[in-house]
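Remarks on the structure that follows.
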Amino acid sequence: MTQETAEYIAATLRDARNEKGWTQGQLAAELGTSQSAIARMEQGKQNLSLKMIQRLETIFGRSIVNVGKPLMTHLRVEGGRTLSGAVDVNSSKNAGVALLCASLINRGTTVLRRLARIEEVNRIVEVLSSIGVECTWLNDTDLQLRRPAVLNLEAMDVEAARRTRSVIMLLGPLLDQSAEYRLPYAGGCDLGTRTVEPHMQALRQFGLAVEATAGFYTVQAPAEDDQNRSFVLTERGDTVTENAIMAAAHRRGTTVIRNASPNYMVQDLCFYLQMLGVGIDGVGTTTLKISGKPLIDVDIEYFPSEDPIEAMSLITAGIVTDSEVTIRRVPIEFMEIELATLEQMGQQLEISGEYMARNGRTRLVDVTTKPSELRAPEDKIHPMPFPGLNIDNLPFFAVIAANAEGQTMIHDWVYENRAIYLTELNRLGAQVQLLDPHRIYVNGPTKWRAAEVGCPPALRPAACLLLAMLAARGVSELRNIYVIERGYEDLAERLNTIGAKIEYFQD
């Protein structure tokens with residue numbers, strides 16, 4: 001960074017902070033850094049990483065470096081390196097966004113500890129802030145939330161809401177907050193038609209009325225009642241289950257939800273609500289009995305558990321680079337099928353004894369990958385609702401199967417388009433054959449080669465390309481990585497701690 005650039009950034013930062021009416025101390029608290037560091041930034045005496053500049057731009061909602069449209073961020077990967085060492089799994093993205101939505105149920109103060117600092121979380125925080133919730137980063141990972149007595153739903157940040165699919169989960173906690181309000185259509189990954197009708201079917205059980213209009217859902221709140229309810233979800237979806245749970249949690253009476261998802265993020269949500277005093281029986285099963293608590297005012301701190309999808313991502317990095325790497329804090333209950341499938345393919349793994357997550361409920365282990373000769377499995381690999389192989393972990397088996405001797409069929413029956421994106425691995429030397437929108441053949445082993453590839457608009461296939469680049473000798477480029485930033489916190493930097501060589505750059 002030249003001195004001229006540093007001085008320009010310093011002046012822009014001072015202006016942005018003053019426009020927001022913040023002191024240097026307030027900005028330091030938001031960034032999880034010291035006031036003296038902010039002072040150095042505003043004097044042009046502090047070197048700023050690209051990640052720090054991006055965080056500042058997110059906080060202030062304006063460009064810090066350039067005027068006009070923000071530049072796209074890319075990754076440059078020097079592949080073919082052997083990895084080594086150990087890396088911790090971060091807290092769950094999907095649990096984090098559910099807990100952010102659930103904090104609206106609590107009139108007291110919620111502190112979420114070790115929350116993933118990812119773009120999906122940033123967007124939900126922006127939405128909550130826009131409707132009046134006090135969102136304060138106590139440090140780099142701990143977020144304090146306190147909602148006002150009356151939420152200003154008309155002021156909702158529509159742009160932030162449209163950039164996340166998680167906004168649909170506000171329907172449950174906002175069940176009867178306002179007689180009528182509008183919620184923007186959800187965005188997020190492009191995975192084909194993912195209907196919101198299962199959400200609506202569940203919430204209609206509480207009397208909620210939703211009408212789709214141009215770009216918005218018009219929501220009419222149900223009348224207050226104390227009825228007991230029992231219903232079955234037509235889809236055992238994670239977010240559908242979470243929406244129904246959050247609606248039931250602050251509604252009088254007892255609600256029985258059948259065919260509920262017992263997946264990791266649903267369990268984390270239930271643990272949090274139980275600490276708020278909501279009675280929930282059947283956590284971890286497909287039948288939940290919830291005794292609602294209409295007025296909740298509790299000061300609470302909660303640690304979201306570790307993310308099994310990130311765990312699978314990091315394990316895949318060790319496997320495709322034929323490296324010995326230890327992945328610490330793996331939530332074993334949600335990884336058992338994945339690890340068993342890997343062992344059937346010939347992957348050698350060392351698994352430690354179990355210990356407890358910070359939430360006191362989730363069981364963790366450490367997993368060490370060993371260099372192994374892989375073979376294609378005898379049967380196809382396909383996902384199932386928990387306790388089956390996780391739907392979001394399926395794409396990583398395409399990268400792993402590309403390293404295995406033989407042909408593997410991968411059947412992604414959930415999404416119409418995601419399997420198509422996995423054919424982008426062919427640009428790096430893989431042999432992926434698309435059979436139909438749901439099925440691919442992967443033929444291995446692969447002699448990976450470096451290439452320049454654009455990120456597909458789906459999180460896990462994009463991460464798969466990055467992991468394949470680790471195995472490809474030479475220099476690869478993965479372009480426009482916003483979708484990865486949406487679901488992973490500092491993935492590139494953390495891979496670098498175990499021997500990868502990845503750098504951010506902009507055009």
Checklist entry - More than 12 heavy atoms of other residues, nucleotides or ligands under 6.0 Å from CD of Glu503: is that the case? => result yes
Item to check | Other residues, nucleotides, ligands: >12 heavy atoms within 6.0 Å of Arg182 CZ | outcome: no
Item to check | Ile257 side chain near Gln205 side chain, heavy-atom distance below 4.5 Å | outcome: no
State whether [X] and [Y] are salt-bridged, where the test is any N-O pair (Lys NZ or Arg NE/NH1/NH2 against Asp/Glu carboxylate O) under 4.0 Å.
{"X": "Arg358", "Y": "Glu301", "value": "no"}
{"X": "Arg204", "Y": "Glu197", "value": "yes"}
{"X": "Arg146", "Y": "Glu134", "value": "no"}
{"X": "Arg229", "Y": "Asp225", "value": "yes"}
{"X": "Arg123", "Y": "Asp157", "value": "no"}
{"X": "Arg252", "Y": "Glu224", "value": "yes"}
{"X": "Lys93", "Y": "Glu120", "value": "no"}

Side chains of [X] and [Y]: is there a donor and an acceptor less than 3.5 Å apart?
{"X": "Asn359", "Y": "Asp268", "answer": "yes"}
{"X": "His438", "Y": "Asp412", "answer": "no"}
{"X": "Gln24", "Y": "Arg14", "answer": "no"}
{"X": "Thr286", "Y": "Asn259", "answer": "no"}
{"X": "Thr234", "Y": "Gln201", "answer": "yes"}
{"X": "Gln506", "Y": "Thr73", "answer": "yes"}

Checklist entry - In terms of the angle between their ring planes, are Tyr302 and Tyr272 parallel, tilted or perpendicular, with boundaries placed at 30° and 60°? => result perpendicular
Checklist entry - When the ring planes of Phe505 and His74 are compared, do they come out parallel, tilted or perpendicular, using 30° and 60° as the limits? => result tilted
Checklist entry - side chain to side chain donor-acceptor pair (under 3.5 Å) between Asn496 and Glu493: does it pass, once the steps are laid out? => result CA-CA 5 Å; Asn496 285 344; Glu493 290 98 325; over 6 Å; no
Checklist entry - Rounded to the nearest 0.5 Å, what separation is found between the CZ atom of Arg418 and the CD1 atom of Ile410? => result 10.5 Å
Checklist outcome for this item: One should read off an interatomic distance between Ile280 CD1 and Leu269 CG, to the nearest 0.5 angstrom, of 6.5 Å
Checklist entry - Would the Tyr264 and Phe386 ring centres measure less than 6.0 Å apart? => result no
Item to check | Under 3.5 Å donor-acceptor, Trp413 side chain and Pro383 backbone | outcome: yes
Item to check | Sole residue of Asp88, Asp307, Val87 in side-chain contact (heavy atoms from CB on, under 4.5 Å) with Arg329 | outcome: Asp88
